[in-house]
Amino acid sequence: MALKIFNVLGREKQEFTPLNPGFVNMYVCGPTTYDWSHLGHAKNYVNFDVIVRYLRFSGYNVLYVQNITDVGHLLETDEDRVIKAARKLQVKPMQVVEEYTRYYFEDMDALGVTRPDISPRASAHIPEQIKMIQTLIAKGHAYEVNGSVYFDVTSAADYGKLSNRKLEKQEAGTREVVRDDKRNPEDFALWKKAEPEHILRWDSPWSEGFPGWHIECSAMAKKYLGDTFDIHGGGIDNLFPHNESEVVQSECANDAPFARYWMLGGSLTVDGVKMSKSLRNFVRARDALEKYRPQVIRMFAMSAHYASPVDYSDAGMQAAQAGWERLYGAVRLTRSMLGAAPASDDSNSFRDRLAAARAQFIEVMDDDFNMPKAVAVLQELTRDVNTLLNSGQAVGRPVLEAIESTYTDLGGTVLGIIPAGEAVTSGDSAREAGLIQLLIEMRTAARKAKNFSESDRIRDELAKLGVVLEDRADGTIWRAT
RNA sequence: GGCGACGUGGCCAAGUGGUAAGGCAAAGCUCUGCAAAAGCUUCAUUCGCCGGUUCGAAUCCGGCCGUCGCCUCCA
C-alpha cells in the first residue's frame, strides 16, 4: 500500500512519490509571532507534526522547514502587526518577535510537537527576498512604482490555479478603489516603501522599506528546499491570497514548479465559527495546557481528519480525555505487569492481534493520514488488550513487551499520545511511591481482616490526594490523577 | 455575488457503488466486601430534502435547503 495524499493542487487524492526517492522536502507556513499561540495553531501544528512523524516512521528522510514571520505581515489598515504590538507594549519590535517566538516554541514543545529542522525568520532573509524580487522585475512579472514593487498577476497565465480563482476581465480603475499604485486590484506587494514612522526597514534597490508578506515563504523555501520540493502545508485560511501568491511568484521567478503536493489543514472553530485573534474567541494554547494534558489536546486535534474543521468545546475536550484515559490505562497496566511477568511464551498468540493492528494502522495512515481512524485502530486494539490482561490467564513477558512496543511505536512515536513512561526518578517521587505502597499494604491487611471501614478510609483519603487505587486479582495498583 | 468544503445515532466522527467503523454519553449486566478499572449487552432498517443512474447508493449525477471557510487581518 502506497501513501496517498489529497493534493489541494488539483483537488484529488494522489499517490505520493517524492522528488528524490527516500527523501521528503517539506515546508509549512509558520506563525506570525506577535501574540500568543492559540488552540487553532495547536490543532494545525499537531496535525503536521503527526504527518512528519509518520513520514519518518515510514522510512522517509524528511527535511521539515517552518518559517517564523516577523516582518511584513500587515493589518488591513496597512499597519505592521509586529510594530503595532511593540507600540502597545512599549518595546522594540524585535523584542516582541523574540518573546512570542520563544513562547511559541515553549507551547509547541509542551504539546510534544517535534521542532522543525529549520525555523527561518523572514527578517533574516531580506537579501534572498530582494534577489527574488529583482528576478521577477527582470522577467516582467513585477513593476516598481514610487519605491514599492508589485507582482503583476496578469503576467502569469495560470495565476489562481491553487485556489481556483480567475481574474475578472475588467480594466484597472473601473473598480471603485484601486489601492496604492497597483496596475490591477489583484496585484500584491513584493516590497513596500516604508513610511517615516515604520521602524522595521531595510535598504533595497527601490527604497528603504520592507518585504511583502508572501515573498518570504517563496524565498526561504527556495533557499532551504530548492525551486521544486515535495510538500507544502499550512492552514486552509491562507489558501488565498498567501499560498496562491507563493505559487505564482515562485514559479515565475524560478521557471520551475513550486510545491508538488499541497496539504492544507481545516480550521479550529468555536461554536462553528473560526477561532481567531480578531474575533477574540480564542483559547491560548498554554491555558489549555493548564487544564488538559498535552496528549489529550493532541487526541482532540486528531478527532477529525486534518483537512476538516474541528469545533472546540469542553464536551469535545472531555470526550478526548475519556478516550485517551482508556488507551493509556491499557498501556499503564501493561507496563505494571511487565515488572513481574514470567519469561514464558504464555499468550503468545496475541502477537497476531498486534501485527494486525500495526498493519491496519499503516493502511489507514497511508490513506491521506487518516488520524481519527488510526486512533480507532488503537481503541479497538485496546479492547482486546484489556480483555487479555484482565482475563486472569498467564501472559508472558515477550507478549507484554510486544504490546508495549506496539503502543510506543504507533501511539507514541507516530501520534504522540502515549508518553514514553512515567519514570520515577527524583527522590521525592520514589519516596512518595514507597509511602503509597506502604499504605496499600496496610489497606490489604485491613481488607483481609474484613476491617472495611479502615480499608475504605485509606482508599478515600488517598483519592482526595489524587491517588486512585484499583484492586486486581493479583494485587492492588495505583495511579495518580 | 465568486471560489471551496461540508451536512452520518444524544454529541464527536470514519466510511467515494455492495448493504452503516470507532470514541464520548446513557441504561442493564459481569467482576468486587463496596468501589474503581475492565469486559459484555442495548443504543441509526438508516446517512439534510427531492428526483435520476444502477441488480444494488451514505457513496455517482441533477435540483433544492442549511452550515462553514476564503475573496488581500488570521495556522
Side-chain angles (χ1 to χ4, degrees), chain A residues 8 11 13 28-32 35 37-45 47-48 66 69 73-77 79 81 160 163-166 168 179 185-189 212-214 233-242 244-245 264-269 272-279 282 299-300 303-305 307-311 313 315-316 318-327 329-330 332-333 364 367 370-380 382-387 389-392 447 450-452 455-456 459-460 463 468-473 476-479:
Chain A
V8 177
R11 311 216 182 239
K13 211 183 270 186
V28 173
C29 283
T32 304
D35 203 347
S37 303
H38 56 64
L39 280 176
H41 301 109
K43 185 247 178 215
N44 204 33
Y45 294 124
N47 286 160
F48 280 107
Q66 186 192 101
T69 298
H73 198 165
L74 303 184
L75 292 162
E76 204 166 37
T77 54
E79 280 179 291
R81 49 186 64 225
S163 60
N164 274 333
R165 251 162 247 258
K166 290 180 179 57
E168 292 173 47
R179 289 176 67 184
E186 292 85 359
D187 288 352
F188 55 89
W213 173 36
H214 317 305
I236 188 72
D237 51 347
N238 275 337
L239 174 62
F240 189 88
H242 183 63
E244 191 70 63
S245 304
L264 300 176
S267 300
L268 185 74
T269 59
V273 180
K274 193 176 81 167
M275 179 178 286
S276 72
K277 288 166 186 171
S278 53
L279 288 176
F282 62 90
M299 277 281 277
F300 177 72
S303 61
H305 185 262
S308 300
V310 173
D311 198 66
S313 65
Q318 270 151 26
Q321 171 150 321
W324 178 81
E325 279 173 358
R326 181 159 155 274
L327 282 187
R332 187 167 36 216
L333 180 56
V364 301
D367 185 11
N370 195 331
M371 300 171 207
K373 214 167 174 181
V375 171
V377 168
L378 290 184
Q379 270 154 340
E380 286 176 82
T382 296
R383 186 185 56 236
D384 293 341
V385 167
N386 279 325
T387 299
L389 300 188
N390 291 311
S391 65
R447 289 178 72 211
K450 301 214 185 297
N451 184 355
F452 296 122
S455 66
D456 288 352
R459 186 173 65 195
D460 294 345
V468 175
L469 302 188
E470 291 172 18
D471 293 328
R472 295 175 49 76
T476 300
I477 59 174
W478 65 276
R479 65 187 162 91

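These numbers come from a predicted model, not from an experiment. Here is how names work: the chains are called A, B, and so on, in the same order as the sequence lines, proteins then strands, and each is numbered from 1.
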Notebook entry, point to check: Taking atom C1' of B:G69 as reference, at what distance in whole Å does atom CZ of A:F240 sit?
Noted result: 14 Å
Check: Which part of the nucleic acid, if any, lies within reach of A:A376 when heavy atoms closer than 4.0 Å are counted: base, sugar-phosphate only, or nothing?
Finding: base
Checklist line | Rounded distance (Å) that lies between atom C1' of B:C70 and atom CG of A:L279 | finding: 14 Å
Notebook entry, point to check: Looking only at atom types and distance, does a side-chain atom of A:K43 sit under 3.5 Å from a main-chain N or O of A:T269, one as donor and one as acceptor?
Noted result: no
Checklist line | Protein-nucleotide distance (A:R332, atom CZ; B:A38, atom P), rounded to Å | finding: 10 Å
Check: Quick one: is A:K274 getting a side-chain N or O under 4.0 Å of the B:C70 phosphate, OP1 or OP2?
Finding: yes
Margin query: Does A:R11 form a side chain to side chain contact (heavy atoms under 4.5 Å, CB included) with A:V8? I'd like the steps, not just the answer.
Written below: CA-CA 4 Å; A:R11 311 216 182 239; A:V8 177; 4.0 Å; yes
Notebook entry, point to check: Given that both distances must come in under 3.5 Å, which nucleotide forms a Watson-Crick or G-U wobble pair with B:A21?
Noted result: none
Item checked: A:V310 versus A:A304, closest heavy-atom pair with distance -> CG2-CB, 3.8 Å
Note to self: Under 4.0 Å, counting only non-hydrogen atoms across every strand here, what does A:G234 touch: a base, just sugar-phosphate, or nothing?
What the structure shows: sugar-phosphate
Margin query: Using a heavy-atom cut-off of 4.0 Å across all strands, would you classify A:L333 as base, sugar-phosphate, or nothing?
Written below: nothing
Next item on the list: Can you tell me the pairing partner of B:U46 across any strand shown, Watson-Crick or G-U wobble, with both distances under 3.5 angstrom?
Entry: none
Notebook entry, point to check: In whole angstroms, how far is the P atom of B:A38 from the CG atom of A:L469?
Noted result: 16 Å
Note to self: Need the pair for B:C34. Rule: Watson-Crick or G-U wobble, both distances under 3.5 Å, any strand; none if unpaired.
What the structure shows: none
Notebook entry, point to check: Checking all strands, does A:M275 fall into the base, sugar-phosphate, or nothing category for heavy-atom contacts under 4.0 angstrom?
Noted result: base
Item checked: Pairwise C1' distance, B:G7 and B:A58 [rounded to whole Å] -> 11 Å
Notebook entry, point to check: Any idea which of B:G33, B:A75, B:C71 is nearest the A:R165 side chain?
Noted result: B:C71
Next item on the list: Could you tell me whether A:R459 contacts a base, only the sugar-phosphate backbone, or nothing, with contacts defined as non-hydrogen atoms closer than 4.0 Å?
Entry: base
Next item on the list: Could you check whether A:S267 gets within reach of a base, just the sugar-phosphate, or nothing at all, counting any heavy atom under 4.0 Å?
Entry: base
Next item on the list: Scan A:E380 against the nucleic acid and name what it touches under 4.0 Å (heavy atoms): base, sugar-phosphate only, or nothing.
Entry: sugar-phosphate
Margin query: Assess whether a salt bridge exists between A:D237 and A:K274, defined as any Lys/Arg side-chain N lying under 4.0 Å from an Asp/Glu carboxylate O.
Written below: yes
Check: Of A:L239 and A:F48, whose closest RNA chain B nucleotide lies nearer the 5' terminus?
Finding: A:L239
Check: Is a donor-acceptor pair below 3.5 Å formed from side chain A:N164 to base B:G2, judging by atom type as modelled?
Finding: no
Notebook entry, point to check: A:R479 has a side chain; which of B:C71, B:A38, B:A37 sits nearest to it?
Noted result: B:A37
Next item on the list: Specify the residue among A:P31 and A:G272 whose closest nucleotide of RNA chain B lies further upstream toward the 5′ end.
Entry: A:G272
Checklist line | side chain to side chain contact (heavy atoms under 4.5 Å, CB included) involving A:L39 - partner list, sequence neighbours excluded | finding: A:A42, A:L268, A:M275, A:V283, A:A288, A:I297, A:Y312
Check: With sugar-phosphate meaning primed atoms plus P, OP1 and OP2, does A:S37 contact a base, only sugar-phosphate, or nothing at under 4.0 Å between heavy atoms?
Finding: nothing
Next item on the list: Identify which nucleotide among B:G33, B:C74, B:G22 has an atom closest to any side-chain atom of A:D456, counting heavy atoms from C-beta outward.
Entry: B:G33
Check: CG of A:D237 versus C1' of B:C3: gap in Å, rounded?
Finding: 15 Å
Distances under 3.5 Å between nitrogen or oxygen atoms of protein and nucleotides 10-14 of chain B:
| from | atom 1 | to | atom 2 | distance (Å) |
| --- | --- | --- | --- | --- |
| B:A14 | OP1 | A:H305 | N | 3.2 |
| B:A14 | O3' | A:N370 | ND2 | 3.0 |

Check: Which atoms form the tightest heavy-atom contact between A:Y45 and A:C29, and what is the distance?
Finding: OH-O, 2.9 Å
Checklist line | Watson-Crick/G-U partner (both atom distances under 3.5 Å) of B:U59 | finding: none
Next item on the list: Describe the nucleic acid contact of A:V364 in one word from base, sugar-phosphate, nothing, applying a heavy-atom distance below 4.0 Å.
Entry: nothing
Notebook entry, point to check: How far, in whole Å, is B:A36 from B:U42 if one measures between their C1' atoms?
Noted result: 23 Å
Margin query: How many whole angstroms separate atom CD of A:Q321 from atom P of B:G23?
Written below: 17 Å
Note to self: Rounded to whole Å, please give me the gap between CG in A:D367 and C1' in B:U16.
What the structure shows: 11 Å
Checklist line | Plane angle bin for A:W213 and A:H242 - parallel if under 30°, tilted between 30 and 60°, otherwise perpendicular | finding: parallel
Next item on the list: Scan A:G160 against the nucleic acid and name what it touches under 4.0 Å (heavy atoms): base, sugar-phosphate only, or nothing.
Entry: nothing
Note to self: OP1 or OP2 of B:G39 versus the side-chain N and O atoms of A:N386: is any pair under 4.0 Å?
What the structure shows: yes
Margin query: By nearest atom, which of the nucleotides B:G39, B:A75, B:C24 is closest to the A:H38 side chain?
Written below: B:A75
Note to self: I'd like to know if A:K373 and A:D367 make a salt bridge, using a cut-off of under 4.0 Å between side-chain N and carboxylate O.
What the structure shows: no
Next item on the list: For A:F452, answer base if it contacts any base atom (sugar-phosphate contacts may also be present), sugar-phosphate if it contacts only those atoms, and nothing otherwise; contact means non-hydrogen atoms under 4.0 Å.
Entry: base
Margin query: By the 4.0 Å heavy-atom rule, please label A:L389 as base, sugar-phosphate, or nothing.
Written below: nothing
Next item on the list: Tell which nucleotide pairs with B:U16, taking only Watson-Crick or G-U wobble pairs whose two distances are both under 3.5 angstrom.
Entry: none
Next item on the list: If B:U54 has a Watson-Crick or G-U wobble mate with both distances under 3.5 Å, name it; if not, just say none.
Entry: none
Notebook entry, point to check: To the nearest angstrom, how far is A:D471 atom CG from B:A38 atom C1'?
Noted result: 13 Å
Notebook entry, point to check: Does any N or O donor sit under 3.5 Å from an N or O acceptor when you compare the side chain of A:R326 with the base of B:G23?
Noted result: no
Margin query: Please determine whether any donor N or O and acceptor N or O are separated by less than 3.5 Å between the side chain of A:R383 and the base of B:A38.
Written below: no
Notebook entry, point to check: Minimum heavy-atom separation for A:A330 to A:T382, with atom names?
Noted result: CB-CG2, 3.7 Å
Next item on the list: Both distances under 3.5 Å, Watson-Crick or G-U wobble: report the partner of B:G69, or none.
Entry: B:C3
